[in-house]
There are 2 protein chains.
Amino acid sequence: MADINVSLTARTGKSEPGASPRLSPAPEGEPMLDLIELLFFAYRNFVSDPDEILHGFGFGRAHHRVLHFVNRHPGMRVTDLLDILRITKQSLGRVLRELVDQGFIDSRAGASDRRQRLLYLTPKGEALTQEFVAIQSRRLRRALEESGGESRDLVRRFLVAMIDPEDRSATEKLIARADQAVEARSATRSRPAG
Amino acid sequence: MADINVSLTARTGKSEPGASPRLSPAPEGEPMLDLIELLFFAYRNFVSDPDEILHGFGFGRAHHRVLHFVNRHPGMRVTDLLDILRITKQSLGRVLRELVDQGFIDSRAGASDRRQRLLYLTPKGEALTQEFVAIQSRRLRRALEESGGESRDLVRRFLVAMIDPEDRSATEKLIARADQAVEARSATRSRPAG
DNA sequence: ACATTTATGTCAGCCATGTTGACTTTTTTC
DNA sequence: GAAAAAAGTCAACATGGCTGACATAAATGT
């Protein structure tokens with residue numbers, strides 16, 4: 001059910017079994033057809049879990065992205081979000097308004113620069129976002145365990161290397177900065193009002 | 001330019017540097033935030049190359065998927081394609097009609113079952129599809145090289161494990177069947193007409 | 001032979017999420 | 001005081017999903 005079971009009745013005729021591998025030597029390297037398709041199927045499943053939950057709120061994938069990055073960068077500006085998502089102000093505006101109106105995101109004017117709208121998750125938004133992170137982390141953890149020993153580092157390096165070279169360092173810095181901020185916040189929490 | 005450079009001027013205040021790692025022990029395993037985000041950025045870049053080319057033809061991502069799977073399974077039925085893509089007949093119908101009208105795909109009635117419409121790429125469609133495969137394979141190959149030795153097998157296992165368990169075997173069979181068909185075809189080509 | 005099922009296609013309309021272009025308001029910066 | 005920056009808004013449009021209803025041709029079952 002809802003499977004990828006294909007019968008392909010038409011071409012079930014001659015199959016020419018005496019085919020030795022690599023007869024045409026592939027002029028520009030072998031085509032990575034399996035990986036291309038696996039990436040498609042894997043990514044589809046990866047995003048489907050949050051999608052289903054969000055559908056219950058009348059939200060979609062775009063809302064997920066906004067929640068995710070605001071969670072990772074509390075107090076970020078609208079411009080920052082636009083740079084990360086690479087969509088137009090108008091597209092972001094729509095989902096952001098919905099998220100603010102329904103109490104998932106809080107938008108406060110900047111203290112030093114009052115033109116800015118700094119974005120924060122409300123407790124409600126935080127709870128929902130944690131749920132997404134948990135689900136997707138579970139899938140990733142399971143996949144890493146099943147694919148063997150020190151796969152995590154290798155998969156990470158692979159994913160970084162899949163990014164356009166000119167974007168890599170910025171992306172890695174972005175992630176590092178978010179991780180730092182999380183550490184700082186949890187340190188503050190463990191020593192309340194230190 | 002079009003970078004992911006975020007300044008985050010607002011939160012550049014207190015950072016509480018004395019934070020030892022893992023203060024909150026993460027009740028359900030550590031959140032894989034870096035991988036979640038890297039997958040997002042990597043996939044976005046991965047699909048952007050074909051997207052740009054297709055834009056020149058007035059086509060989009062949906063057309064890419066159809067071309068890709070028809071290339072991999074020549075003579076497949078419309079139903080097969082629907083099962084793989086998991087979209088509605090109406091959605092597929094739209095892009096399929098455009099691809100047939102503009103001479104990228106050929107749709108022939110089945111010989112044994114004349115209700116069926118069997119899908120084939122035209123030479124024009126084949127050329128375009130090869131281009132996509134080449135571009136995406138290049139990116140994958142580069143990434144695998146950069147992430148070290150026997151990364152290909154591990155990445156493949158990882159991607160398979162990212163798929164919903166109940167879909168995995170069907171997906172792997174689908175890929176295997178397509179690979180077989182390619183071998184059979186190239187064997188036939190090298191020994192033309194037996 | 002006839003009823004049913006299957007494979008495909010089509011019309012109409014809706015929704016989510018992207019786009020361009022134009023314009024405003026507020027605030028900061030030069 | 002002018003220019004630039006941050007944010008928001010209105011209008012219109014494109015793409016690619018969706019549902020529901022219906023039509024046709026061909027295969028299958030009784």
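In this text, all values refer to a predicted model and were calculated from it rather than measured experimentally. Letters go in sequence order (proteins before strands), and every chain restarts at 1.
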Take the protein atom [atom1] of [X] and the nucleotide atom [atom2] of [N], then report the distance between them rounded to whole Å.
X         : N       : atom1 : atom2 : value
Asp80(A)  : dA7(D)  : CG    : P     : 8 Å
Phe57(A)  : dA16(C) : CZ    : C1'   : 18 Å
Gln116(B) : dT6(C)  : CD    : P     : 14 Å
Leu118(B) : dA26(D) : CG    : C1'   : 14 Å
Ile87(A)  : dA7(D)  : CD1   : P     : 14 Å
Arg44(B)  : dG18(C) : CZ    : P     : 11 Å
Leu54(A)  : dG17(D) : CG    : P     : 19 Å
Lys89(A)  : dG21(C) : NZ    : P     : 13 Å

(request) Kindly indicate whether the side chain of Gln90(B) and the base of dG20(D) share any N or O donor-acceptor pair separated by less than 3.5 Å? (result) yes
(message) Distance criterion of 3.5 Å, no angle test: do you see the side chain of Arg115(A) paired donor-to-acceptor with the base of dA7(D)?
(response) no
For [N], take OP1 and OP2 only and decide whether either is under 4.0 Å from a side-chain N or O of [X].
X         : N       : result
Arg117(A) : dA6(D)  : no
Thr88(A)  : dT19(C) : yes
Arg61(A)  : dG16(D) : no
Arg114(B) : dA25(D) : no

(request) Give, for atom CG of Leu144(B) and atom CZ of Arg139(B), the distance between the pair rounded to the nearest 0.5 Å. (result) 12.5 Å
For [X] and [Y], take the angle between the two ring planes, folded into 0 to 90°, and tell me which bin it lands in: parallel under 30, tilted 30 to 60, perpendicular over 60.
X        : Y         : result
Phe69(A) : His73(A)  : parallel
Phe57(B) : Phe104(B) : perpendicular
His64(A) : His68(A)  : perpendicular

(request) Would you indicate whether the side-chain heavy atoms of Glu172(A) and Arg156(A) approach each other to under 4.5 Å? (result) yes
(request) Could you list by number each residue of residues 91-104 of chain B showing a heavy-atom separation from DNA chain D of less than 4.0 Å, or answer none if no residue does? (result) Ser91(B), Arg94(B)
(request) Would you please name every residue forming a salt bridge (Lys or Arg N to Asp or Glu O under 4.0 Å) with Arg115(B), sequence neighbours left out? (result) Asp113(B)
(request) Name the nucleic acid region contacted by His63(B), choosing base, sugar-phosphate or nothing; use a 4.0 angstrom heavy-atom cut-off, strictly under. (result) sugar-phosphate
(request) Ignoring the backbone of Asp113(B), work out which of dT27(C), dT8(C), dA26(D) is nearest its side chain. (result) dA26(D)
(message) Given 3.5 Å as the limit, does a donor-acceptor pair link the side chain of Arg72(A) with the main chain of Arg177(A), or not?
(response) no
